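Everything numeric in this text was worked out from a predicted model, so none of it was measured.
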Amino acid sequence: FVVRVWSAGHLQLAPSMLVPLREQDGCGMRRRPAGAAMSLSRIGTATALAWCLLLAQPLPAAGQLRVMTPDWLVREFRESMGRIDGSTATFGAPFYGDRVLGRLVYGESQLNHSHCVAEDYEVPKPAEFLSGTSRSEGVRLINIVMVRRGKCSFTTKVKVAYEKGAHAVLIVDREDSNLTSKDMANIIVADDGFGNKINIPSVLISKVEGRKLIQAVRRTQVVVELAWDLPTNHVVNVDLWMSSASRESLRFLKEFASKRRILNEVVNFQPHYAVFGIDGTDPKIYNDLCSDNSGQYCAEDPDGAGPITGKDVLAEDVRQLCIHTVHKVARVGNTERGGPHAVEYAAQYWDYIEKLGDSCPLDAPRPQDRFGLECSTKLMKQVGVDIQRVEDCVRVNATPYLQREREHPAWSPRALRINGWRYSGIPDADLVTRAICSGFITQPSECKAIIRPRDPMVPYLAEAEVKAVSFMQMMAWLLGVTLAIFAGLLLYKRHLKEEIRRAISQSVQEEVILEMSQYSKIGA
């Protein structure tokens with residue numbers, strides 16, 4: 001069975017919709033019908049089991065691989081013009097907006113561990129340049145390590161490959177798998193809970209294409225191009241699913257807010273919230289998670305045994321939807337070469353959401369400073385939200401909004417869709433912005449102002465990590481300057497003592513000479 005933890009001690013089960021998979025690297029679940037209620041059971045302290053393969057999803061995050069050399073291998077894929085489609089992992093950092101050349105490397109499994117441990121295989125060291133090929137002369141090539149699926153999680157395989165010098169990873173499906181290249185479009189390669197430190201992209205491909213690539217790599221050097229092509233438009237539409245009490249979602253929105261303001265004339269943004277229903281008769285579950293005892297509208301409990309309940313989360317969900325609706329203003333973005341296009345932007349929503357996590361934390365000691373209505377009202381007043389209009393909206397639209405959110409779930413409670421396309425990668429503001437900016441027919445000047453070039457040879461650092469590194473560098477610099485000043489003062493003090501000692505010695509010697517000369521005169 002596949003389970004998802006919605007709150008401490010609550011497991012979401014969908015036994016009639018599960019697709020069993022034999023390997024440890026994943027579990028499968030077909031998407032539930034819109035509005036279908038989930039059955040919950042209270043089972044003590046639960047352990048989250050992340051699903052690794054989710055089937056039947058539209059518009060996937062496809063990673064495209066195109067064979068460049070050798071020519072005979074390109075002809076092997078002549079029906080697709082050398083192109084191989086795969087499923088991009090939800091962890092890691094794809095090269096959005098870039099087309100990257102790399103060489104495929106493969107190491108045979110020596111210990112029958114299916115590339116799950118470093119000792120199981122060896123791969124050549126990364127090579128930065130090709131030589132001897134007219135097609136790729138002088139081009140920097142990343143190392144794309146190929147591994148076989150099975151016996152351990154996807155994240156484990158990618159982590160091991162990264163430690164061996166991989167800049168990207170191709171995961172070839174098992175030989176006993178029935179998945180074809182077309183099936184890859186409907187597969188989600190998800191994080192097992194340990195992918196937050198992985199910062200290189202990885203793509204799952206079918207066994208048929210993978211077998212051809214492995215055989216070719218055994219014979220000669222294979223050069224491929226990696227790309228992630230999104231559907232394009234003059235205006236990019238972004239849909240984000242989240243929980244209003246999720247620390248991860250609030251952290252991402254805080255980092256993304258400044259970029260959203262810059263993109264306010266070329267990007268449409270629509271927030272969505274994770275709402276589900278419960279079939280059951282346990283009032284304890286209703287009290288913890290749902291708006292009332294009908295169990296129709298429920299949300300995850302963000303703090304387990306803490307004071308915040310699913311009902312509080314639902315209230316904040318509706319409040320945020322109303323803030324966005326009330327303050328949404330139509331703008332006309334004059335995108336380059338595309339003419340005027342209608343864009344809506346809610347400035348007060350972003351002012352509010354940017355500060356919510358810090359101003360109204362879940363664990364604040366005082367109720368008035370904690371996540372909830374009282375703290376939310378103070379924050380709305382602070383950032384200029386029209387509180388009366390928001391309250392009127394909540395009163396009229398609470399039930400319709402919750403019903404709409406429940407009937408239109410995403411593939412995950414935390415999900416992002418760009419131009420109807422499923423985003424894959426770490427939820428980092430800079431990486432998401434790169435994906436958004438690759439969704440324009442003609443990239444606007446706003447994108448060029450906020451995206452810095454990315455070196456595929458260097459592991460991607462999330463924006464929060466960059467800030468942390470910069471702070472640590474600053475502290476190290478200050479410490480170094482302080483130590484240098486302190487050392488300089490010690491040297492100056494030593495030099496001053498020496499000068500004083502020399503001056504005193506010289507003065508004493510002069511005095512002694514003078515006294516001796518006077519003694520000589522008396523003796524004479």
I200 and V158: CA distance, side-chain angles, deciding distance, side chain to side chain contact (heavy atoms under 4.5 Å, CB included) verdict: CA-CA 8 Å; I200 60 172; V158 177; 4.0 Å; yes
Step-by-step side chain to side chain contact (heavy atoms under 4.5 Å, CB included) determination, V67 to L213: CA-CA 9 Å; V67 179; L213 293 178; 4.2 Å; yes
Trace of the salt bridge (charged side-chain N to carboxylate O under 4.0 Å, His left out) decision for R395 with E391: CA-CA 6 Å; R395 184 166 50 255; E391 289 177 347; 5.7 Å; no
Full working for side chain to side chain contact (heavy atoms under 4.5 Å, CB included) between I171 and V203: CA-CA 6 Å; I171 304 171; V203 178; over 6 Å; no
Evaluation steps, side chain to side chain contact (heavy atoms under 4.5 Å, CB included), between D85 and M184: CA-CA 7 Å; D85 287 334; M184 290 296 136; 5.9 Å; no
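Of the N and O atoms on the side chains of W228 and T88, at least one donor lies less than 3.5 Å from an acceptor on the other residue. Side chains of S376 and Y352: a donor on one and an acceptor on the other come within 3.5 Å. If you check the side chains of D430 and Y460, you find a donor sitting under 3.5 Å from an acceptor. A side-chain donor-acceptor contact under 3.5 Å links D192 and T155.
Enclosure of atom NZ in K207 by more than 12 non-hydrogen atoms of other residues, nucleotides or ligands within 6.0 angstrom is indicated. Other residues, nucleotides and ligands contribute over 12 non-hydrogen atoms within 6.0 Å of the CG atom of D455. Annotation for Y162: atom OH does not count as buried by contact number, only 12 or fewer foreign heavy atoms lying within 6.0 Å. Under a cut-off of 6.0 angstrom, the local environment of CD in E79 is sparse, with at most 12 non-hydrogen atoms contributed by other residues, nucleotides or ligands.
Interatomic distance, L101 CG to I142 CD1, rounded to the nearest 0.5 Å: 8.5 Å. Distance check, rounded to the nearest 0.5 Å: CD of E248 to CG of L253 gives 11.5 Å. Put simply, CD on Q320 and CD1 on I353 are 3.5 Å apart, with the number rounded to the nearest 0.5 Å. Between the CZ atom of R414 and the CE atom of M242 there is a distance of 9.5 Å, given to the nearest 0.5 Å. Atom-to-atom distance recorded for S202:OG and L170:CG is 9.0 Å, nearest 0.5 angstrom. Expressed to the nearest 0.5 Å, how far OG of S87 lies from CD1 of I205 amounts to 12.0 Å.
Contacts of H324 classified as ring pair (Phe, Tyr, Trp, His ring centres under 6.0 Å), with partners at least two apart in sequence or in another chain: Y349. With sequence neighbours excluded, the residues satisfying ring pair (Phe, Tyr, Trp, His ring centres under 6.0 Å) with Y106 are H115. The side-chain hydrogen bond (donor to acceptor under 3.5 Å, both in side chains) test applied to Q296 returns no partner, not counting sequence neighbours. For K254, the side-chain hydrogen bond (donor to acceptor under 3.5 Å, both in side chains) partners at least two apart in sequence or on another chain are D358.
Between the side chain of N264 and the backbone N or O of R261, at least one donor-acceptor pair lies under 3.5 Å. At least one donor-acceptor pair under 3.5 Å links the side chain of D317 to the backbone N or O of S244. Side chain of N397 to backbone of P400: no donor-acceptor contact under 3.5 angstrom is found. Not a single donor-acceptor pair under 3.5 Å links the side chain of H272 to the backbone N or O of A415. Judged by distance alone, with hydrogens and angles left aside, the side-chain atoms of N419 form a donor-acceptor pair with the main-chain N or O of N237 at under 3.5 Å. Here the side chain of R434 pairs no donor or acceptor atom with the backbone of L431 at under 3.5 angstrom. Side-chain atoms of H327 do not come within 3.5 Å of backbone N or O of I323 as any donor-acceptor pair. In terms of modelled atom types and a separation under 3.5 Å, the side chain of S246 and the main chain of S243 share no donor-acceptor contact. Between the side chain of Q64 and the main chain of D229, a donor-acceptor pair closer than 3.5 Å is present. Side-chain N or O atoms of D303 include one that pairs as donor or acceptor with a backbone N or O of I308 at under 3.5 Å.
At least one cation-pi condition fails for K328 and Y345: the charged atom is not both under 6.0 angstrom from the six-membered ring centre and inside a 45 degree cone around its axis. Geometric assessment of R260 against the ring of F256 yields a negative cation-pi assignment under the 6.0 Å and 45° thresholds.
Classification of R211 and D173 as a salt-bridged pair fails, no side-chain N sitting under 4.0 Å from a carboxylate O. With respect to E163 and K159, a salt bridge is recorded, a charged nitrogen being found less than 4.0 Å from a carboxylate O. Between E316 and R319, at least one side-chain N (NZ, or NE/NH1/NH2) sits under 4.0 Å from a carboxylate O, which counts as a salt bridge. A salt bridge does not link E225 to R83: none of the charged nitrogens lies less than 4.0 Å from a carboxylate oxygen.
With a 4.5 Å cut-off on side-chain heavy atoms, I278 and C290 count as touching. Residues T90 and V189 form no side-chain contact, since every pair of their non-hydrogen atoms from C-beta on lies 4.5 Å or further apart. Using a 4.5 Å cut-off on side-chain heavy atoms (C-beta onward), I214 and M146 make contact. In this structure, the side chains of V267 and E446 stay at 4.5 Å or more apart for every pair of heavy atoms. Within the 4.5 Å cutoff, side-chain heavy atoms of L240 are placed close to those of F269. A heavy-atom distance below 4.5 Å is not found between the side chains of Y401 and L314. Counting heavy atoms from C-beta outward, E344 and V329 have side chains that stay 4.5 Å or more apart. Residues N196 and F91 are not in side-chain contact: their nearest non-hydrogen atoms beyond the backbone lie 4.5 Å or more apart.
For residues 377-419, the pairs satisfying disulfide (SG to SG under 2.5 Å) are C322-C393, with sequence neighbours left out. Judged as a salt bridge (Lys or Arg N to Asp or Glu O under 4.0 Å), the pairs with a partner in residues 234-243 (not counting sequence neighbours) are, in order, D239-R417.
Closest approach of S359 and L379 over heavy atoms only: OG-CD1, 3.9 Å.
Relative orientation of the Y96 and W421 rings is perpendicular, given thresholds of 30° and 60° on the angle between their planes.
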